[in-house]
Structures are given as structure tokens and as C-alpha cells.
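Data first, discussion second: the structure below is written as C-alpha cells.
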Amino acid sequence: MEPEKQCTGSSWYLGVDMQMYVTAPVLILALYKKPDIGIIISSSLLLLSCACGLWPLNTIAVAMGCVTHYFWTPTRIGPYVMGILLAYLLFRTNSRVPNTRATKVLMLVGWAMATSLATLLVLTPSVMRTFMNPDVPVWIRMPVERLLFSATICWLIFACCVGYGGIISEFLSWNIWLPLSRLSYVAYLIHPLVLYAFYGHYMQMGPLFYSGFTWFILFAGLSVWIFFGAFVVSVGVEVPFSELGRHVLPRRRGRKTENV
């Protein structure tokens, strides 16, 4: 998708997500029927994702080459495949691990490594990039950083599912997150519109000076408006089409309808 033909800056992900969603059943079926072949295919897709991200881009192509690299489904499929592999691991282990002292030590080490890596990636990106050598082009760092961050998320999910999440699992299980999780995808799609509207109006009034308090207020206020807009779009578009799909598509036998 060409940037100048997009409705919003985030709409490119709709096509990417749809292609990965269609591809996922093939990979899941391979893992279920032929685990060895499924693992090989999954590993190949992970390598393909890194290879596409490592595609050499010059200075001009970093801005214009997003059409062929940044928006590519193969470039983005790495974390998606990692999520499928995590689900397969939980399926094979029945979300259980041996209750031994060695397991507890390994889980503690895993938490320490995942927490340190996540902190390094999220809170101190400049330190991470310095550690990886600042001379390394951004198109080399990006696929590595994405896969590392995805690994920390996979560990978080795995630890919580096998009973080693502790207070973090209880925090993430609060019912208060349920409505926000239902709106998170729509919020992602519409948030550029809210940001464009705000900054387009604010920049006409003068420069915006940085301070921690100012940016915290902006973050809180814009988050409220983004999720309010997501609620309106969800109620007006997403929910009606979901209900229409329930009436049009046949319901599977024995499948219970989830009411959220």
C-alpha cells in the first residue's frame, strides 16, 4: 500500500493482519499434524522476517522504501509466528510445568532476563541501540528489536499461563481491562486521526514546549479521547457487523456464544 493512498497512517496493518490471519491455519495445521514440519516452516518464516527486515536500504529508501519493506507482510510475520509457537507450546504442555525446585529457579531466571530485556527495549532504546553499535543501520536493528520484544511478551504469557505470573497475572486478569481490550484494536486504527487533529490545531497556536508534566497531561487527555472515539466506532461499526455475521454465518455445533 502506497503511503499517499492510505486513509490513515495505520490502515496498512489491516491488509497485513488479514494476510497473516489467512496464513495462520496452514501453520497451525502443520504443527498439529506434522510437528517437525510445522517447526521447520515456523523457523523459516522467522528467518524470512529477519531477512526482509535486513534488506539493505539507502538513506532515501528509508523514507520511500517503506512501501516495499516496512509494510511487507513477511517483514511483520515474525512476532505473529512466535505467538503461534507459544500457543502450540502451551497446547503440548497443557499449560503445565513440573513442580520442582529446578523449575522454580528456571522460571525466576526467565523473569529476570525478560524483565531486564523489556526494560532495555522499552525504557532505554537509546542505550539498546548504543549497545548494538550506533553505526549499525536502522534496518538491521529493527527486526532484531521486534523479535526480542516479542520474546519478552511470549515469556510473560507463558509464565502467567503455567502459574508463575504471581501479582502480574492477577493484575492482568482484572475485569477492568476487558472493555479496554475490546477497544484496543479500534483505538490503534483511529489514534492517528485524533493526533493529527490535535497537533494540527495546536501548532497554529504556537510552539509546544517540553516538560514531563505537560506530556503526561497530553498523554492522559489524548488517551481518553482516543478510547472514546474507539468506543463510538466500535458501537457504530464493529458490533453491528459482528452481530450481522452471527446471523449470516452458521453456528457450529457445541460452540457456546461468548457474551462480553
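No side-chain heavy atom of Ile84 sits under 4.5 Å from any side-chain heavy atom of Ser42. Under the 4.5 Å side-chain criterion, counting only non-hydrogen atoms from C-beta, Ile41 is not in contact with Val81.
Arg76 and Tyr80 share no donor-acceptor pair across their side chains, judged by distance under 3.5 Å alone.
Aromatic ring pairs are classed by plane angle as parallel below 30°, tilted from 30° to 60° and perpendicular above 60°; the pair Phe228 and Trp225 is perpendicular.
Between the CG atom in Leu178 and the CG atom in Leu183 there is a gap of 9.5 Å [rounded to 0.5 Å]. Here the OG1-CG distance, from Thr214 to Leu218, works out to 6.5 Å after rounding to the nearest 0.5 Å. In this structure, the separation between CH2 on Trp177 and CG on Leu172 is 8.0 Å, given to the nearest 0.5 Å.
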Atom pairs and distances, side-chain donor-acceptor, residues 147-171, under 3.5 Å, sequence neighbours left out:
unit_1, atom_1, unit_2, atom_2, d
Ser150, OG, Arg146, O, 2.8
Thr152, OG1, Phe149, O, 2.5

Exercise for the section: Would you sort out whether Thr119 and Thr115 count as a side-chain contact (heavy atoms from CB on, under 4.5 Å), showing the intermediate values? Expected result: CA-CA 6 Å; Thr119 302; Thr115 302; 4.2 Å; yes
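Val22 and Val16 end up in different hydrophobic clusters when Ile, Leu, Val, Met, Phe, Trp and Tyr side chains are linked at under 4.5 Å.
In terms of modelled atom types and a separation under 3.5 Å, the side chain of Ser184 and the main chain of Ser181 share a donor-acceptor contact. In this structure a side-chain-to-backbone donor-acceptor pair under 3.5 Å is missing from Ser49 to Leu45. Judged by distance alone, the side chain of His191 and the main-chain N or O of Tyr188 form a donor-acceptor pair under 3.5 Å.
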